[in-house]
**Student:** 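Encoded as structure tokens, here's the structure I'll be asking about.
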Amino acid sequence: MIKKYQHLIAGHWQGDGEIPNINPSDTNDIVGLTTSASSTEVREAISAAHAARNVWAYSNPQQRFDVLDRAGSEILNRAGELGELMAREEGKPIKEATGEATRSGLLFKFFAGEALRLTGDIVPSVRPGVTVEITREPIGVVGIITPWNFPLAIPAWKIAPALAWGNTVIFKPASNVPGCAWELADILVRAGLPDGVLNLIYGSGSAVGSALTESGLVDAISFTGSVVVGNQLAVAATKKGIRVQTEMGGKNPMVVLDDADLDLAVEICINGAFFSTGQRCTASSRLIVTKGIHDRFVASLEKRMRELKVGNALDPATEIGPVVDQSQLEQDCRYIEIAKSEGGEVVGGEILQRSTPGFYLAPALIKGTNNDMTINREEVFGPVASIIRADDYDEALSIANDTWFGLSSGICSTSLSHVSHFKRNSRSGMVMVNVPTAGVDYHVPFGGTKASSYGAREQGAYAKEFYSVVKTAYVSP
Ligand code: UN1
């Protein structure tokens, strides 16, 4: 029996699943049937979150801890099964998908603890006899819009802090990963969330996004996705005085210096560029290599790329899963063609056939590029990376910073002075030293600079800057 994924509105599952959700590793496999919300259903979800806001805002932090902790335990216990669902509906290799499910459980555990750790300040007033109390309150009703590439972790790192600090939520996942979203909502409801505190809505991002900004009942919106949509949403939200946080693209540089450990640098670049099929906004898509190591590095990277096993995400031997869908595959191939036409030399990048029909693409490396080429300016969001040769560290740094994005950046080097200089002068929100640009911890801030991110940081204790509001009370006895 094919599972039907329904909306969750005010504690009720509703809507008729009729839109097939296809497995990108095997397009004959229908993972589930999903639905798309009417404008009435979106309005009902927003009203439900609004109606529940006081119940949850004034709840005991022990209650919030218990719900989030129980949800975290269930996700950890079911990580294998949830990883399998994710591999099936998104195409992430089973090992990485199970790892992501585990990370999502840990995110709920971390934010369960944060519910108990909310503190304030008491400050003596400059006025005699008066005391100033500084506390944090929930912001209220939060719209959460998430992408398909991390179908559990990104919803978890937005929903868990929203709930921990007493907010109610309207959750709109990407249309091609309804199953993971459904499981998350089901787990949270069974963990004891009161009706209306979390509402799940499937549907088009633009329709739900504009309903959220126009309703007058939404206080904040957290979004991860494309630059175009994120910027439109930020403008619309700001006009209405809605707090907004957008996490968008990257064109992340990985600098490899002459003094790098060659084998380590190759592994770091293989992981950063191609794991998760390169479908991470933190992927290393520009490999900037200084001239003394350039030829050796490229030769080893090519050798390692040829060994990568591209295949069905459910096969435990698979290292690179399929691209998520046909339109993403076309986008990846289009960028490879553009790179070729602008003078890049392409290694790999062929469409592959496997025993099941799917969107299989061999990882592609574009050699001999410069930073002005389209392939180095625009985000591809696929298993495609380019090599840029640099004369020395100074040139490598300036190429790394020459981008309108600023999410993650990395350096492979054994030189303390270059590493220290890079940490300070790389214009990105996250700097990785001898580790891949992608793959972040769950308890520390995440976010970028420039066109990559707008608004407060996500994750860790820093997430409270977005999910709570500071109140200053002056008290005279
Ligand atoms: C990671 O690299 O572990 O959409 C997370 C993305 C990012 C998350 C990356 N927001 O790819």
Side-chain angles (χ1 to χ4, degrees), residues 83 86 90-93 95-107 110 144-161 172-174 176-177 180-181 205 221-230 233 244-254 268-285 321 323-324 328 331-332 379-385 405-410 428-433 435-460 462-463 466:
M86 191 189 305
E90 197 265 356
K92 191 168 289 197
K95 197 165 145 241
E96 274 187 76
T98 306
E100 183 182 332
T102 300
R103 170 171 160 186
S104 309
L106 295 171
L107 275 155
F110 174 83
I144 289 178
I145 303 177
T146 57
W148 48 262
N149 63 332
F150 282 87
L152 282 178
I154 293 179
W157 84 43
K158 293 179 191 291
I159 293 172
K172 207 301 279 179
N176 48 359
V177 286
C180 287
I221 300 175
S222 180
F223 167 90
T224 298
S226 72
V227 176
V228 173
V229 177
L233 187 71
V244 64
Q245 169 185 69
T246 55
E247 203 57 67
M248 302 170 286
K251 198 71 219 175
N252 309 295
M254 174 53 84
I268 286 171
C269 291
I270 289 281
N271 175 323
F274 303 128
F275 282 13
S276 297
T277 322
Q279 298 172 149
R280 300 188 277 194
C281 56
T282 44
S284 327
S285 48
V323 172
V324 73
Q328 183 63 51
Q331 170 163 316
D332 298 350
E379 185 176 48
V380 178
F381 222 63
V384 184
F405 291 110
L407 187 56
S408 182
S409 65
S428 63
M430 296 175 292
V431 181
M432 310 298 195
V433 178
V435 286
T437 54
V440 298
D441 284 11
Y442 64 87
H443 64 311
V444 294
F446 176 95
T449 61
K450 300 194 272 181
S452 290
S453 305
Y454 178 78
R457 283 286 181 262
E458 301 199 76
Q459 292 210 89
Y462 286 68
F466 184 76

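Order of appearance sets the numbers: ligands from 1, and atoms from 1 within every ligand. The first residue in the sequence is number 1, and the count goes up from there.
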**Student:** At a non-hydrogen distance cut-off of under 4.0 Å, which region of Arg103 contacts ligand 1 (side chain, backbone, both, or neither)?
**Tutor:** side chain
**Student:** To check your reading of the model: name the closest protein heavy atom to atom 10 (N) of ligand 1, its residue, and the distance in Å.
**Tutor:** Cys281 SG, 3.1 Å
**Student:** Using modelled atom types only, decide if a donor and an acceptor are shared between the side chain of Glu379 and the backbone of Gly250 within a distance under 3.5 Å.
**Tutor:** yes
**Student:** Determine whether any heavy atom of Pro147 lies closer than 4.0 Å to an atom of ligand 1.
**Tutor:** no
**Student:** Heavy atom of Trp157 under 4.0 Å from ligand 1?
**Tutor:** yes
**Student:** Determine whether the side chains of Glu96 and Ser276 contain a donor N or O and an acceptor N or O closer than 3.5 Å.
**Tutor:** yes
**Student:** Below 4.0 angstrom from a heavy atom of Gly439, which ligand 1 atoms are there? Numbered from 1 as shown, please.
**Tutor:** 1 (C), 2 (O), 3 (O)
**Student:** Checking a contact table here: which protein heavy atom is nearest atom 2 (O) of ligand 1, and how many Å away?
**Tutor:** Thr282 OG1, 2.6 Å
**Student:** Does Phe150 have Lys92 sitting over its ring (NZ/CZ under 6.0 Å from centre, angle to axis within 45°)?
**Tutor:** yes
**Student:** Donor-acceptor pair, distance only, cut-off 3.5 Å: does the side chain of Asn252 make one with the backbone of Cys281?
**Tutor:** yes
**Student:** Find all atoms of ligand 1 within a distance of less than 4.0 Å from any non-hydrogen atom belonging to Ala438, and give their numbers and elements.
**Tutor:** 2 (O)
**Student:** Under a 4.0 Å heavy-atom limit, does Thr224 contact ligand 1 with its side chain, its backbone, both, or neither?
**Tutor:** side chain
**Student:** What verdict does the side-chain contact (heavy atoms from CB on, under 4.5 Å) test give for Val380 and Lys251, after you've listed the backbone C-alpha separation in whole Å, the side-chain angles of each residue and the deciding distance to 0.1 Å?
**Tutor:** CA-CA 9 Å; Val380 178; Lys251 198 71 219 175; 4.1 Å; yes
**Student:** Enumerate the atoms of ligand 1 whose separation from the nearest heavy atom of Ile154 is less than 4.0 angstrom.
**Tutor:** 4 (O), 10 (N)
**Student:** Closer than 4.0 Å to some heavy atom of Arg280 - which atoms of ligand 1 meet that?
**Tutor:** 11 (O)
**Student:** Taking Thr437 for its side chain and Thr282 for its backbone only, find out whether a donor-acceptor pair lies under 3.5 Å.
**Tutor:** yes
**Student:** If you count the non-hydrogen atoms of other residues, nucleotides and ligands that lie under 6.0 Å from NZ in Lys450, is the total more than 12?
**Tutor:** yes
**Student:** Which residue, Phe446, Phe466, Tyr442, forms the ring pair (Phe, Tyr, Trp, His ring centres under 6.0 Å) with Trp157?
**Tutor:** Phe446
**Student:** Do ligand 1 and Asn149 have nitrogen or oxygen atoms that lie under 3.5 Å from each other?
**Tutor:** yes
**Student:** May I ask you to check if ligand 1 and Val440 share an N or O to N or O distance below 3.5 Å?
**Tutor:** yes
